Every structure is written in structure tokens, then in C-alpha cells.
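To start, the structure under review is shown below, and the notes come after it.
Keep in mind that what you see is a predicted model, and the values were worked out from it rather than measured. As a basis for the values below, the full set of heavy atoms in this structure was taken, side chains included, without hydrogen atoms, waters or symmetry mates. Just so you know, ligand 1 is whichever comes first in the structure, and atom 1 is the first atom listed for that ligand. Along the sequence shown, residues carry numbers from 1.
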Amino acid sequence: MSSTERRDLGRALCIITGASRGFGRTIAREMSRLVKPRSVLVLVARSADDLRSLQAELAESEAGRAGLVVECVVADLGQTEGLENVVRTSKESFSEDIDHILLVNNAASLGDVSRYAKSFTDMAEVNSYLSLNVSSSLCLTARVLQAFPQRPGLRRTVINISSLCALQPFCSWVLYCTGKAAREMMFRVLAQEEPDLRVLNYSPGPLDTDMQMVARSKTADPNIRKSFSDMFAQGQLLTCEESCAKLMKLLLDDNYTSGAHIDICDL
Ligand SMILES: NC(=O)c1ccc[n+]([C@@H]2O[C@H](COP(=O)([O-])OP(=O)(O)OC[C@H]3O[C@@H](n4cnc5c(N)ncnc54)[C@H](OP(=O)(O)O)[C@@H]3O)[C@@H](O)[C@H]2O)c1
């Protein structure tokens with residue numbers, strides 16, 4: 001079968017961080033429809049109730065009735081213990097007939113956008129931001145790659161949910177832009193080092209989520225705040241479903257260059 005004919009993601013183990021709400025929750029729903037029966041979804045976030053409600057919803061769905069296994073890991077990814085719990089659950093859920101491991105590094109935070117770069121004097125504050133937004137995605141990815149090493153018949157795909165902010169400076173968004181730029185470079189290096197891996201940096205566009213609401217209400221820079229408010233007022237934000245559909249098509253077609261930055265606007 002040529003790669004462009006793929007209509008499913010295989011018998012997959014999908015680890016999705018930040019699955020409790022927003023884009024990650026939509027990714028979990030869409031992936032559940034595209035994996036073969038007896039695949040596994042590992043949903044990660046701090047909000048237990050939101051993860052459990054998604055788990056229940058997926059259990060009731062057609063995929064759930066066809067044998068999809070959904071595991072919740074309630075974890076703070078800014079802490080090493082959180083990463084350990086994700087890897088432990090993923091290993092326990094793995095079975096030999098799984099032929100595709102997908103890790104979606106989606107969880108992120110905006111950081112304090114109500115201040116400008118010159119106010120960030122506190123190393124502990126910056127380190128804490130980078131711990132979740134940069135260190136955890138590198139260390140979780142490395143742990144997953146070690147837990148599921150390359151072997152014949154096993155595809156491995158790592159997705160980084162990126163942003164225009166990985167490429168472009170936004171005033172008063174120093175933490176977010178720094179984190180997204182660092183994260184993107186990390187995955188580009190990984191793609192160079194590991195040619196058997198499929199690595200995708202996907203920039204989902206402006207999405208109507210909690211993060212956007214904080215962006216348009218808290219951003220210190222008046223021009224940036226206004227541009228987000230205008231996008232919201234004029235109905236220009238994308239739904240998570242619209243953006244996720246493009247991401248799923250990229251994964252199914254599977255002909256992107258590994259390590260590439262693909263923005264929804266380019267599709
Ligand atoms: N929204 C946009 O316009 C936009 C644009 C470009 C890129 N993105 C990117 O898209 C991704 C999803 O964004 P979103 O808009 O869906 O954000 P969101 O609504 O704020 O959701 C963020 C998710 O990350 C999880 N999370 C945050 N801190 C965590 C922690 N310490 N440990 C574990 N999980 C944590 C949250 O769950 P808990 O709070 O339950 O832990 C939540 O599920 C992010 O990478 C974001 O940077 C968003």
C-alpha cells in the first residue's frame with residue numbers, strides 16, 4: 001500500500017499530552033476514530049475529572065465498542081514523577097500487536113503574558129515555565145523512544161504542537177515564544193538524529209480555546225491584544241476540529257519531511 005492510500009493510523013498506542021481540554025481533547029477524539037480496533041489511547045493532563053469524562057465518552061463511541069483501550073494519567077508534566085507515570089502506563093498498555101507508537105506533545109502553557117521581557121528577573125519563575133514547556137517534552141519523548149525502541153514492523157511518530165511563536169517574536173510573550181522556539185529546534189535535531197522516526201512540528205493556527213481567551217484578555221502589548229480580540233470578534237478563530245482534521249490528514253498521508261514545521265496556513 002502506498003503511504004498516500006493509508007486510511008488509518010494502524011494498531012496504535014497514542015500518547016496525548018494536554019488531553020483534558022482544547023486541542024488535545026480534540027486530537028484524542030479524532031485519533032480514536034482513525035486507529036484500528038484494540039488500539040490504546042493514553043490521555044495525560046492534571047484535571048482528572050476532564051480526563052475521566054473523555055474516557056467515558058470514548059468508551060461509549062464506536063471505537064470504544066470495537067475495543068479501543070483508553071487510559072488516563074493524571075500528572076503534572078512539569079514534574080519528573082509525571083513523566084514516569086506516563087511511561088509506566090504506556091508500557092503496561094503495550095501489546096506485541098501494536099504497530100504504531102504516536103506521541104503528541106500538545107500540553108503547554110502561555111506563561112504570564114501580562115508583562116514584558118525586562119520584568120522576568122526571577123530565575124525560578126522562568127525555570128518553572130521551561131520545565132513544563134521545554135524540558136518535559138524532550139524528556140518525555142526520550143523516555144518514550146527508549147521504552148519503545150526501533151524494531152522491524154513498528155512505526156514511531158512524534159508530533160510537537162508548535163506555533164507561529166516558534167518562528168516570530170510577539171511582544172509580551174517572551175516565555176511562550178522562547179519555549180516554542182526551543183521545542184521546535186529540539187524536534188528538528190531529533191529528526192536529524194533518528195532517520196527512522198517520523199517527526200512533525202504542526203502549527204495549528206489561532207484556535208478557539210482557553211489559551212486564546214487568556215491571550216486576548218491578559219496580553220500586555222496593546223497591538224497584540226487587539227489583534228487577538230479582533231480575530232475573536234470577527235469569527236476568525238479556528239475550531240479545534242478544523243485544525244485537527246488537517247493534522248490527521250498529514251499523519252495519514254505521511255509524506256511530510258521529518259522535522260518540518262507545517263503551519264495550517266500552508267495547507
Ligand atoms: N490556542 C491557540 O490559538 C494555539 C495556537 C497555536 C498553538 N497552540 C498550541 O496548541 C496546544 C494546545 O493549546 P490549547 O489552546 O488547547 O491550550 P489549553 O486550552 O490551555 O489546553 C492546554 C492543555 O495542556 C494541559 N496542561 C497544561 N499544563 C500542564 C501540566 N503542568 N501538566 C500536564 N498537562 C498540562 C492542560 O490540562 P490541565 O490543565 O488539565 O493539566 C490542557 O489539557 C499548545 O501546545 C499550544 O501552545 C495553541
Show every donor-acceptor pair shorter than 3.5 Å between a side-chain atom in residues 167-174 and any protein atom, with sequence neighbours excluded, or say none if there are none.
unit_1, atom_1, unit_2, atom_2, d
Ser172, OG, Asp221, N, 3.2
Trp173, NE1, Thr219, OG1, 3.1

Legend entry - Carboxylate-amine/guanidinium contact Asp254 Arg198, below 4.0 Å: yes

Legend entry - Atoms of ligand 1 close to Ser47 [distance to a heavy atom under 4.0 angstrom, numbered from 1]: 38 (P), 39 (O), 40 (O)

Inset, instruction - Just say parallel, tilted or perpendicular for the rings of Phe94 and Phe148, cut-offs at 30° and 60°. - result: tilted

Inset, instruction - Just jot down the ligand 1 atoms closer than 4.0 angstrom to any heavy atom of Ser162, in number order. - result: 6 (C), 7 (C)

Inset, instruction - Return yes if some donor-acceptor pair links the side-chain N/O of Arg183 with the main-chain N/O of Asn105 below 3.5 Å, else return no. - result: yes

Legend entry - Cationic N near anionic O, under 4.0 Å, Arg115 to Asp112: yes

Legend entry - SG-CG distance between Cys14 and Leu251, expressed to the nearest 0.5 angstrom: 9.5 Å

Legend entry - Options Gly22, Ser20, Ala108, ranked by nearest heavy atom to atom 22 (C) of ligand 1, top entry: Ala108

Legend entry - For atom 2 (C) of ligand 1, the protein heavy atom that lies nearest, with its residue and separation: Leu207 N, 3.5 Å

Inset, instruction - Check each atom of ligand 1 against the heavy atoms of Tyr176 and keep those under 4.0 Å away; list them by number with element. - result: 7 (C), 8 (N), 9 (C), 46 (C), 47 (O)

Legend entry - Backbone or side-chain N or O of Phe23 under 3.5 Å from ligand 1 N or O: yes

Legend entry - Among Pro206, Ala215, Pro204, closest by any non-hydrogen atom to atom 6 (C) of ligand 1: Pro204

Legend entry - Check: Asp208 side chain, Leu238 main-chain N or O, donor-acceptor pair, under 3.5 Å: no

Legend entry - Minimum non-hydrogen distance to atom 44 (C) of ligand 1, winning option of Thr209, Asn106, Ile161: Asn106

Inset, instruction - Go through ligand 1 atom by atom and flag the ones less than 4.0 Å from a non-hydrogen atom of Ala75. - result: 32 (N), 33 (C)

Legend entry - Protein contact of atom 32 (N) of ligand 1 - nearest heavy atom, named by residue and atom, plus distance: Leu77 N, 2.9 Å

Inset, instruction - Mark up the atoms of ligand 1 that fall under 4.0 Å of a heavy atom belonging to Met211, in ascending order. - result: 15 (O), 17 (O), 19 (O), 20 (O), 46 (C), 47 (O)

Inset, instruction - Spell out, as yes or no, whether a donor-acceptor pair under 3.5 Å connects the side chain of Asn133 to the backbone of Ser109. - result: yes

Inset, instruction - Using the side chain to side chain donor-acceptor pair (under 3.5 Å) rule, take Glu125 and Ser128 through it: C-alpha gap first, then chi angles, then the decisive distance, then the call. - result: CA-CA 5 Å; Glu125 180 186 8; Ser128 157; over 6 Å; no

Inset, instruction - Please verify whether a non-hydrogen atom of Lys180 lies at under 4.0 Å from ligand 1. - result: yes

Inset, instruction - May I ask you to identify the nearest protein heavy atom to atom 29 (C) of ligand 1, giving residue, atom name and distance to one decimal place in Å? - result: Arg46 NE, 3.5 Å

Legend entry - Under 3.5 Å donor-acceptor, Ser114 side chain and Lys218 backbone: no

Legend entry - Residues Glu60 and Arg65 bridged, charged N to O under 4.0 Å: no

Inset, instruction - Would you check whether Asp50 reaches within less than 4.0 Å of ligand 1, judged by its heavy atoms? - result: no

Inset, instruction - Could you find the nearest protein heavy atom to atom 25 (C) of ligand 1 and give me its residue, atom name and distance? - result: Gly18 CA, 3.6 Å

Legend entry - Contacting atoms of ligand 1, where contact means under 4.0 angstrom from a heavy atom of Gly205: 3 (O), 4 (C), 5 (C), 6 (C)

Inset, instruction - Considering only non-hydrogen protein atoms, determine which one is nearest to atom 31 (N) of ligand 1 and report residue, atom name and distance to 0.1 Å. - result: Asp76 OD1, 2.9 Å

Legend entry - Which residue and heavy atom of the protein sit nearest atom 36 (C) of ligand 1, plus the separation: Arg21 NH2, 3.6 Å

Inset, instruction - Could you check atom 26 (N) of ligand 1 against the protein and tell me its nearest heavy-atom contact, residue, atom and distance included? - result: Ala107 CB, 4.0 Å

Legend entry - Met185: hydrophobic cluster co-members (side-chain, 4.5 Å): Val189

